[in-house]
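Counting starts at 1 for both ligands and their atoms, following the listed order.
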Amino acid sequence: MKPRVFALLPLLLFAALLGGCRQAQQVQSQQGLVMGTLATITVYAPRNTATDAALQAAFRTLDEINHIWHPWTPDATLARFNQALHTRQWVPVPADLQPLLLEALRLSRASRGNFDPGLGELTALWGFREAPEPGIERAPPIPSRITALLRQGIGVKHLQLRRDPQHGLMARTDTPTLTLDFGAIAKGYAVDRVVAQLERAGIENAIVNLGGNLRVLGSKGDSPWRIGIRAPRGDGTIAAIRNQGDMSVLTSGDYERYFIHQGQRFHHILHPRSGAPARGLISVTVVTDNATLGDAASTALFVAGPRQWPQVARALGVDKVLVVEDSGQVWVTPALQPLLELAPGVRAQVRDLSAPRQTKRPAA
Ligand code: ADP
Ligand code: MG
């Protein structure tokens with residue numbers, strides 16, 4: 001008998017340790033300022049050195065991505081590529097930039113140009129390279145400067161690509177005013193990269209949040225993660241989304257970067273054709289299965305405005321959308337409804353993406 005008891009003991013100890021590990025799973029969070037915004041990574045995982053290392057590695061990745069994709073920090077890869085483009089010669093596209101550049105061009109076409117990663121000079125003209133003090137009073141650029149810039153040419157329609165047998169992917173532009181700016185997609189891309197890295201490190205439950213653009217993995221133990229959607233005016237949230245496994249939630253709003261002039265708000269999401277802030281919507285949230293698509297899509301739908309956003313959503317293959325018009329009217333799509341809990345006092349109407357006109361059906 002005795003030897004058997006001894007043989008069992010280590011097994012029991014091992015099981016107790018495993019149980020202990022499971023109990024030791026807890027919510028842990030780290031924050032940092034990255035890509036001009038607050039990054040928060042929250043995990044539900046054992047508190048140990050492996051989790052610490054995974055979190056630290058995630059923040060290093062965010063720093064690296066920021067360093068590659070910054071459009072105007074002098075030594076960033078994208079900034080140098082923009083300078084090279086301004087020579088108007090054929091120049092090689094750096095390998096680091098290729099996958100996201102090609103994906104962004106595809107999404108730009110699919111969004112019918114509403115999402116356009118070639119508006120850097122317009123962003124600069126409006127003074128949105130840096131975030132203005134919230135609510136600061138400032139004058140918009142004079143209209144003739146906007147017209148002149150539009151005439152010179154902005155947007156990725158001015159980017160040509162070709163494959164060279166020796167140098168690989170090459171690019172050229174026909175205008176000195178094309179500056180690539182991935183501000184509307186880079187955060188989603190960074191979120192996707194960090195999520196993939198956390199998964200490789202064995203983390204199964206996490207939220208990676210870059211300034212309200214986020215992707216969720218797994219759950220918080222027995223309960224699902226709950227994602228609040230910020231109210232575009234005032235404090236608090238307008239709705240919460242119940243997580244179902246791996247899911248991305250991306251929001252574009254007119255409250256992120258803006259200034260005020262004569263009582264009017266001028267924000268940072270710009271219409272590629274008018275050259276001015278897009279009008280009609282104040283917040284667009286999309287729920288997708290990857291954050292890169294979600295980021296481009298939330299910007300594209302915002303630009304498309306109150307009449308066109310359903311068509312652009314369809315063209316991009318996005319079916320879970322929440323939109324707030326400047327009147328305060330909230331619309332949700334049928335596919336989002338089962339995941340959505342509206343905050344007390346918020347009313348929404350259902351917008352069927354296949355319907356040609358707005359259907360006035362109250363959301364459950
Ligand atoms: P946020 O970065 O606040 O989440 P977005 O994802 O909508 O918001 O990105 C807005 C940023 O994208 C702007 O600051 C600017 O750099 C760039 N941008 C502005 N208008 C457009 C547009 N129509 N298409 C693509 N990028 C845009
Ligand atoms: Mg975006």
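- The distance from ligand 1 to the heavy atoms of N114 drops below 4.0 Å at these ligand atoms: 22 (C), 23 (N), 24 (N).
- Within ligand 1, the atoms closer than 4.0 Å to a non-hydrogen atom of T123 are 15 (C), 16 (O), numbered from 1 in the order shown.
- Considering only non-hydrogen protein atoms, atom 27 (C) of ligand 1 sits nearest to A184 CB, 4.0 Å.
- Taking each of T251, D254, D181, D116 in turn, the one with a heavy atom nearest to atom 24 (N) of ligand 1 proves to be D116.
- There is a side-chain donor-acceptor pair under 3.5 Å between E121 and T179.
- Geometrically, R265 engages Y258 in a cation-pi contact defined by less than 6.0 Å to the ring centre and at most 45° from the axis.
- Those atoms of ligand 1 with a heavy atom of S252 less than 4.0 angstrom away are 5 (P), 6 (O), 7 (O).
- A salt bridge is absent between R257 and E130: the closest approach of a Lys/Arg side-chain nitrogen to an acidic carboxylate oxygen does not fall below 4.0 angstrom.
- Contact check on D326 versus R233 returns no salt bridge, with no Lys/Arg side-chain nitrogen under 4.0 Å from an Asp/Glu carboxylate oxygen.
- Within a radius of less than 2.8 Å around the Mg ion (ligand 2), the protein N, O or S atoms are A184 O, D295 O, D295 OD1, T299 OG1.
- Note on ligand 1: L122 sits outside its first shell, no heavy atom being nearer than 4.0 Å.
- A cation-pi contact, defined as under 6.0 Å to the ring centre and within 45° of the axis, links R279 to F266.
- In this structure, K187 counts as a contact residue of ligand 1, since one of its heavy atoms falls inside 4.0 Å of the ligand.
- By heavy-atom distance, the residue among H267, H268, R257 lying nearest atom 19 (C) of ligand 1 is H268.
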Residue pair V303, F115: steps toward the side chain to side chain contact (heavy atoms under 4.5 Å, CB included) verdict: CA-CA 7 Å; V303 173; F115 160 73; over 6 Å; no

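- The proximity of L119 to ligand 1, defined as any non-hydrogen pair under 4.0 Å, is limited to the side chain.
- Considering backbone and side-chain atoms together, S298 places no N or O closer than 3.5 Å to any N or O of ligand 1.
- In terms of polar-atom proximity, defined here as any N/O pair under 3.5 Å, I269 makes no such contact with ligand 1.
- Protein heavy atom at the shortest distance from atom 5 (P) of ligand 1 is T299 OG1, 3.4 Å.
- No option in V91, V93, D164 other than D164 meets the side-chain contact (heavy atoms from CB on, under 4.5 Å) test with M170.
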Step-by-step ring-ring contact (aromatic ring centres under 6.0 Å, His included) determination, F302 to H267: CA-CA 12 Å; F302 191 105; H267 61 82; 5.3 Å; yes

Stepwise side chain to side chain contact (heavy atoms under 4.5 Å, CB included) test for V27 and V43: CA-CA 6 Å; V27 176; V43 296; over 6 Å; no

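- Proximity of F115 to ligand 1 is established by a heavy-atom distance of less than 4.0 Å.
- Other residues, nucleotides and ligands place more than 12 heavy atoms under 6.0 Å from the CZ atom of R162.
- The distance from ligand 1 to the heavy atoms of D295 drops below 4.0 Å at these ligand atoms: 6 (O).
- Of the N or O atoms in N213, one or more lie within a sub-3.5 Å distance of an N or O in ligand 1.
- Which of V284, L180, V156, L270 comes nearest to atom 23 (N) of ligand 1 through a heavy atom is settled by distance: it is L270.
- Taking a cut-off of under 4.0 Å to the non-hydrogen atoms of V303, the atoms of ligand 1 that pass are 23 (N).
- T288 and N290 form no side-chain donor-acceptor contact under 3.5 Å, judged by distance and modelled atom types alone.
- Of the charged side-chain nitrogens involved, none lies within less than 4.0 Å of a carboxylate oxygen, so that R88 and D174 do not count as a salt-bridged pair.
- No more than 12 heavy atoms of other residues, nucleotides or ligands sit less than 6.0 Å from atom CD of E204.
- Not a single donor-acceptor pair under 3.5 Å links the side chain of S111 to the backbone N or O of A300.
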